[in-house]
Structures are given as structure tokens and as C-alpha cells.
Amino acid sequence: MRTELRSLTGVRGIAACWVMCGHFLNDVPMGDFLRRTIDHGYLAVDLFLVLSGFVLAMTYGAAFVAKPTAAQFARFLLQRLARIYPLYVVTTLVCLLLSLGGVSVWGDPKTSAAAILANLLLVQGWGWPNESLNATGWSISTEWAANMLFPLLVLWLLRWPLQRSFAVAATAFACLTLTALLVGQSGQDEPILGAVNWYTAPGSLLRCITEFMLGMLCWRLRGAAAWLGGNAAMLGLSAVLVLLCQSYALDLLLVPAICLFVIGLSLERSVVSRALGSPPVRWLGMISFSIYLWQMPLATLKPLLVAALDGRGIADSSTLADVTMMMIIISVAHVSLITIEKPAQRRLRRMIDRPMRAAVLELSR
């Protein structure tokens with residue numbers, strides 16, 4: 001594993017747990033700061049997107065900058081599908097079966113033929129039908145859109161002169177800012193201007209593609225920020241923690257703070273980086289994708305768990321059920337990584353590599 005991936009893997013695990021806490025701990029009494037932090041759990045998606053752009057630029061950017069080809073792009077997309085699609089489609093089909101069986105799934109998604117097709121094609125977050133069978137799948141759909149744009153984004157953000165690349169990213173962020181200030185959203189009855197909690201198109205596409213772009217630019221800027229050393233991670237984390245104490249309208253300021261945090265983590269020179277790169281936290285990072293996708297299907301078990309606890313006369317059964325559900329989700333995520341994600345990825349990557357090797361041998365004759 002590359003050194004700079006250790007803490008980045010760990011922070012993915014923290015982000016997945018942050019989202020999960022936001023979904024399950026809504027009614028649990030806690031202090032003001034912790035309450036705001038939990039309620040801001042949707043911003044873990046923004047962290048995921050910046051991380052994704054950063055890691056993909058680090059992993060594939062140089063090859064696309066040097067010699068972009070159609071075959072290379074096809075291979076990139078197939079490798080991305082091998083990474084995200086197996087577990088995504090399993091959890092999506094589980095949610096579909098639950099919905100068809102009359103079980104209330106988070107968001108009560110539509111199960112029309114159009115919705116099913118769009119979800120299976122990973123385009124439901126592009127505006128049709130703007131609804132995910134698995135509620136967390138909307139961000140996977142928008143990230144897939146960013147993956148489809150990857151060669152163009154490499155040109156804009158990694159190949160062009162830095163000033164022009166910075167201008168492109170700044171323009172995208174300006175569009176995000178303007179939309180947030182004019183529309184805003186926080187998941188509450190009254191929209192809060194400045195918030196970026198958009199999970200339907202077109203806002204979700206603007207949010208996720210912009211943050212993916214910022215992550216790519218962060219990879220390019222990483223070398224220039226090296227002089228900050230461990231201070232970059234500490235500054236970014238401090239800014240995030242301070243802003244979490246403030247109004248939801250300051251979500252926009254959290255996005256550049258997250259960018260600075262990601263750059264600092266990748267430098268691996270701070271206490272924070274070492275903590276997030278430790279084996280237990282990295283294990284959470286390894287199962288983060290499973291945690292993210294299994295939480296909504298498994299949330300359907302909570303009413304049964306609450307009823308069972310109430311039947312035993314246990315006080316505060318809802319809070320205990322929430323904590324138990326999160327432990328169940330983490331356990332299922334670990335099993336899912338071993339039995340679904342890894343085997344499917346290995347098989348699909350072998351299928352991708354086989355025709356590629358055959359083509360190379362044919363050309364060498």
C-alpha cells in the first residue's frame with residue numbers, strides 16, 4: 001500500500017461512520033457540539049468526493065496526462081465498475097426486494113420499471129428518475145458521472161497550466177457557491193441558504209462533480225503544500241471542527257477546509273495522519289464502502305429490534321437499538337468485504353485483463 005493512502009483510507013472509515021451516526025443518532029441526547037457534528041453527517045459525502053478525486057488523480061492521472069487513449073479510458077471505467085458496482089447492485093436489489101415485499105425502505109423509493117432501470121445503470125442521480133432504491137446510492141451515481149468525465153477533468157485540472165486549472169476549479173466552486181446562496185438546503189422544513197445538502201439533480205451533480213474536481217486539484221497542489229508538513233492536516237481539521245460549531249449556512253467554507261485536510265493527511269507528517277493510518281482505523285476504511293451501502297437496507301431491522309427490546313421492558317430501547325444497529329452494520333460490512341466486494345473485484349478484474357493481454361499479444365506478433 002502506498003504510504004499516502006494509509007491515512008486517506010482511515011479517514012474514509014471515519015467518514016462512513018459519520019454518515020451512519022447522522023442516520024441513526026438523530027434522537028439521542030448529547031451536547032451541542034456533538035449534536036451539530038452528528039447532524040452535519042451529510043458532509044461526509046463531500047469528504048468522500050474530495051478523497052475520490054484526489055486518489056483517482058494520484059492513481060490514474062499521470063497515465064492520462066502522458067498519453068490518453070480510448071482504450072485507456074475504457075479500462076479505467078471498467079476498473080471503476082469492478083470496484084463499485086458489485087456491492088452497489090447487491091444492496092440496490094436488496095432494497096428493491098424489500099420495497100416490493102412491503103417493507104418500508106428509507107425514502108420510500110419508487111419501484112417503477114424506469115426507476116429500476118436507471119438504478120441498475122447507475123444514472124438515477126443524473127436527473128432521471130432522481131431517486132435511488134438504496135438511499136445512499138445517489139452519491140455513487142453522481143460519482144460515476146464524475147468518472148465518466150475523468151479524461152476531460154484530467155485535461156482541465158492536471159494537464160493545463162496551473163493558473164488555468166485553478167481558474168477552472170474556482171469557476172466550478174463559484175457555481176456551487178452561487179447555487180447554495182440562492183437555493184440552499186439542509187434537510188429541514190425551511191431551506192438554509194449556504195448549505196450544500198443536495199441529493200437530487202441538478203444540485204447533487206453540481207455538488208459532487210465540483211468536489212471531485214477540487215480533489216483532483218488538491219493532488220496537483222500537494223507538492224506545493226509540502227512545506228506545511230503536518231500543519232496542513234492540523235489546520236484543515238481545526239477549520240472543520242470550528243466551522244461545525246457554527247451555522248449550517250457555513251457548509252460552503254467546510255469544503256475548502258476539507259481540501260486542506262486531505263492534502264495534509266496525504267503528507268503523512270502529523271499526529272492526525274498517524275492516528276488515521278493506524279490498523280484499526282484503516283480497517284474501518286477498508287469496509288467503509290460496505291458500511292455506506294448497507295446502512296439503509298439494514299435500517300429496516302430497527303423497528304423489529306425496538307419491538308424486541310420493548311417486549312423485554314428495556315428502557316430507552318430506541319437509543320440501544322440505534323447503537324446495536326450500527327454494530328450490526330459494521331459486522332455485516334466486514335463480512336460483505338470478504339464475501340462480495342473482494343471476490344467480485346478479483347473476478348471482474350481478471351475478465352478485464354484477459355482481453356487486454358490478448359490484444360497486446362496480437363499486436364506483438
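What you see is a predicted model, and the numbers here were worked out from it, not measured in a lab.
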Requested in this report: Taking atom CZ of Arg347 as the centre, report whether more than 12 heavy atoms of other residues, nucleotides or ligands fall under 6.0 Å from it.
Outcome: no

Query - Ser139 side chain to Thr142 side chain, donor-acceptor N/O pair below 3.5 angstrom - result: no

Requested in this report: Name the orientation class of the two ring planes belonging to Phe150 and Tyr60 (parallel below 30°, tilted from 30 to 60°, perpendicular beyond 60°).
Outcome: perpendicular

Query - Crowding at CE, Met234 (>12 non-hydrogen neighbours, <6.0 Å) - result: no

Query raised in the report: Partners of Thr92 by side chain to side chain contact (heavy atoms under 4.5 Å, CB included), sequence neighbours excluded?
Result: Tyr88, Asn119, Leu133, Asn134

Requested in this report: Using distance alone, with no hydrogens and no angle criterion, decide if Thr136 and Gln295 have a side-chain donor and acceptor under 3.5 Å apart.
Outcome: no

Requested in this report: Apply the ring-ring contact (aromatic ring centres under 6.0 Å, His included) test between His23 and each candidate in Trp106, Tyr292, Tyr42; give the one that qualifies.
Outcome: Trp106

Query - Within 45° cone and under 6.0 Å: Arg83 NZ/CZ vs Phe289 ring - result: yes

Report task. Taking atom CZ of Phe73 as the centre, report whether more than 12 heavy atoms of other residues, nucleotides or ligands fall under 6.0 Å from it. Result -> yes

Report task. Treating Ile, Leu, Val, Met, Phe, Trp and Tyr as nodes and any side-chain heavy-atom pair under 4.5 angstrom as an edge, say whether Phe173 and Leu182 lie in one connected cluster. Result -> no

Query raised in the report: For atom CH2 of Trp18, is the number of surrounding heavy atoms from other residues, nucleotides or ligands below 6.0 Å larger than 12?
Result: yes

Query raised in the report: Relative to Trp160, does Arg164 satisfy both conditions: NZ or CZ under 6.0 angstrom from the six-membered ring centre, and within 45 degrees of the ring's axis?
Result: yes

Report task. Establish, from distance only, whether the side-chain atoms of Glu341 and Ser336 form a donor-acceptor pair under 3.5 Å. Result -> no

Query - Qualifying residues under side chain to side chain donor-acceptor pair (under 3.5 Å), relative to Arg220, sequence neighbours excluded - result: Ser165

**Report entry** Check: Ser141 main-chain N/O paired with Trp126 side-chain donor or acceptor under 3.5 Å
**Finding:** yes

